[in-house]
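These notes are about the structure you will find just below.
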Amino acid sequence: MTGSSLKPKVFSCTGCGASLTIEAVGYTNTVVCKHCLAVIDVNHPLKKIITQYENNHVREPLFELGSFGNLNGIKWKIIGYIVKEDVASGFLWDEYLLYNPYHGFCWLLEISGHFSIAKKLNAVPCAHSSSYASEFEYNKKNYKLFNVGKVKTAFVLGEFYWRVKAGDTVTMADYISPPEMLSSEIDGSEINWSSSFYISSKEVYSAFKLSPKRTPIFDIGVAANQPNPTGDRLSKYKEFFAALAGLTVVAMASLLTMPTKNLYTFNDIVAESTPVWNSSSNAVSAGPKPAISPSFKIEGMGNIGIEMSSPVNNEWVEASMSLVNEDTGQTFDFEQGVEFYSGTDSDGAWSEGSRYSDKIISSVPAGNYHLEVELKSNKPIPTASLVIKRNSMMMMNFIFAFAALVLPILLLAIRGHSFEVKRWENSDFNPYLRNGGYDDDDE
Amino acid sequence: MTKSFNCPSCGAKGEFRSPASLFVVCQYCKASIVRNENELINLGQISEIAEDNSPLQLGATGEHASKTFSIIGRIRYQWSDGFWNEWHLFFSDGSSAWLAEAQGEFFLTREYKPKELPKAHEWIVGAVIYIDQANFTVIDIKNNEVQMSEGELPFRAHAGDKRKTADLRPILGAKFATFELDVESRKISCYLGESISLQNLKMKNLRVHDDWK
């Protein structure tokens with residue numbers, strides 16, 4: 001059996017006689033003439049005009065009524081346009097009624113340049129009692145109360161399957177779990193729920209043709225149900241960060257398990273020759289002959305740590321050292337010093353510097369080594385002690401590595417947080433204000 | 001199990017596909033016929049036609065809970081703010097169900113027979129009623145009239161017949177319930193079901209729209 005095909009119905013406007021069409025024949029009961037703005041009851045045998053002059057032309061729709069667009073693989077036709085107004089603030093936003101004979105209706109919402117697709121929800125996700133719940137769980141998601149307020153229909157155009165006219169007022173409550181939002185609309189004893197989903201403006205502008213009378217709207221601020229992009233990025237990089245952090249921990253653990261080994265302790269080195277007084281530099285230099293340690297063996301791969309100490313007081317000692325590989329002749333030259341000053345002034349006793357210092361020489365290969373030390377000082381006969389160690393821990397390296405890993409996460413988290421702060425600025429239930437020390441009653 | 005008959009009005013041959021059908025509209029002369037025992041009573045012709053763009057039609061088929069069905073009848077109701085359709089589904093296992101179509105949405109319901117049903121004067125918006133292990137709230141009450149009917153139906157639905165319905169939703173959840181009072185016979189029926197899409201029902205032989213081919 002094949003019946004007749006589906007066709008729009010054409011009729012003449014009761015107000016101005018213009019030719020009007022009804023796409024959703026049988027569902028539609030109200031048509032608003034685009035020419036004279038009369039609101040017509042199309043189920044009435046005489047197509048009675050309900051109102052005409054209260055419908056103020058607030059603005060042109062972004063997308064023309066009657067145009068088609070594909071969203072998520074479904075072809076929709078724009079058949080209705082409503083401008084809604086938040087009664088308390090006078091803020092306006094737009095709603096487009098979309099129709100497909102096989103999928104029914106849905107709405108395209110445009111709020112400050114942000115878009116959402118809304119559908120009627122055939123379920124009661126949360127029962128309203130005397131007051132609104134601050135949050136609830138529905139389909140394993142947590143929804144938070146975002147706004148409650150009176151919403152007025154400011155302007156209507158096109159066809160609708162319910163009785164609609166400018167001036168109609170309902171109480172709405174929005175609950176968010178971005179990118180989703182659940183909204184309840186209370187009209188007398190009737191409660192209707194809808195669910196909306198944030199979609200990118202790029203998707204909308206590529207789906208529907210812009211009206212020649214309008215230009216695209218730049219999105220302002222953060223929409224109630226706009227997904228937090230940082231959250232996405234954080235979760236996208238989570239595995240990468242986890243892997244890096246894991247590697248660092250493994251590297252650290254393997255270095256920690258490498259024992260620190262004392263190779264040689266050079267006690268009380270005394271400059272061998274008689275000190276020479278240099279009048280121009282006002283310093284005493286130790287003899288030209290360096291102190292030489294006996295041969296010691298360095299095994300494996302790693303660093304060498306040198307701890308130096310000297311009993312200085314208002315003096316300095318500097319050691320010029322050469323770590324000489326006896327097998328290859330490779331030399332590591334470096335300097336290390338200690339200085340310590342103390343005294344008393346009007347503020348009391350003071351001290352500066354330390355009698356102790358340490359130094360790390362990276363990547364010293366295995367082999368037989370000895371250390372040559374020359375001391376310089378402002379002390380007539382400088383002395384120093386040196387402890388030479390294999391695999392001295394370089395804690396700083398790990399601190400840097402961790403900082404490098406944690407910093408981007410931290411920055412993302414801060415950005416994510418400021419996104420949430422911006423989102424909730426538009427809410428009457430802003431959690432960042434409740435505990436933030438701000439108060440509506442502030443002077 | 002089809003049972004054929006001759007229309008008491010025009011004599012054309014017709015058939016009952018479902019043994020549960022007690023009402024049929026002759027597809028030729030549009031006479032409403034009530035099946036009473038072995039007698040066919042002619043209620044007269046229906047002049048009303050359904051002027052709508054419903055994608056459904058008699059003969060459309062689909063599938064639900066692994067059983068196939070075909071649409072064998074429809075009642076179109078009228079109320080103060082518009083119309084809605086009740087499509088009579090005849091399943092391969094011989095059972096009947098309804099596909100309610102309102103405001104572009106579809107609800108698949110089956111008759112549910114609880115021990116007791118609240119009387120029509122107890123239907124008040126906001127009242128909580130316990131049905132099939134759940135509490136339902138009355139969300140809407142309407143007075144309706146049969147605008148037209150077609151095909152075969154399990155009860156009388158002649159143009160002008162009056163009904164009173166109460167729509168109910170669970171306190172939480174996605175189910176749907178309706179109480180229906182036949183104003184003439186004072187009989188109350190209860191239907192339980194949930195919202196469903198035509199895509200989920202794998203509907204075939206739907207009406208075609210040139211813009212959505």
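First the proteins, then the strands, lettered A, B, ... as listed; each starts at 1.
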Counting only non-hydrogen atoms closer than 4.5 Å, does [X] touch chain A with its backbone (N, CA, C, O), its side chain (CB onward), both, or neither?
X      : answer
B/D210 : backbone
B/F107 : side chain
B/S197 : neither
B/N85  : neither
B/E105 : side chain
B/S70  : neither

When every non-hydrogen atom of B/D81 is compared with those of A/N43, the smallest separation belongs to O-ND2, 4.0 Å

Return the minimal non-hydrogen interatomic distance between A/P8 and B/H209, and the atom names on each side.
-> CD-NE2, 4.2 Å

Checking [X] against chain B: side chain, backbone, both or neither under 4.5 Å from a heavy atom?
X      : result
A/P125 : backbone
A/K9   : side chain
A/K75  : both
A/N100 : both

Other residues, nucleotides, ligands: >12 heavy atoms within 6.0 Å of A/F11 CZ | yes

Quick one: do B/E101 and A/Y27 satisfy side-chain hydrogen bond (donor to acceptor under 3.5 Å, both in side chains)? Show the steps, please.
-> CA-CA 10 Å; B/E101 178 193 17; A/Y27 299 142; 2.4 Å; yes

Please walk me through it: do A/N122 and B/E194 pass side-chain hydrogen bond (donor to acceptor under 3.5 Å, both in side chains)?
-> CA-CA 8 Å; A/N122 281 307; B/E194 52 200 314; over 6 Å; no

Stepwise ring pair (Phe, Tyr, Trp, His ring centres under 6.0 Å) test for A/F68 and B/W212 = CA-CA 10 Å; A/F68 290 90; B/W212 277 275; 5.4 Å; yes

Where the side chain of B/N53 meets the backbone of A/A24, is there a donor-acceptor pair that is under 3.5 Å apart?
-> no

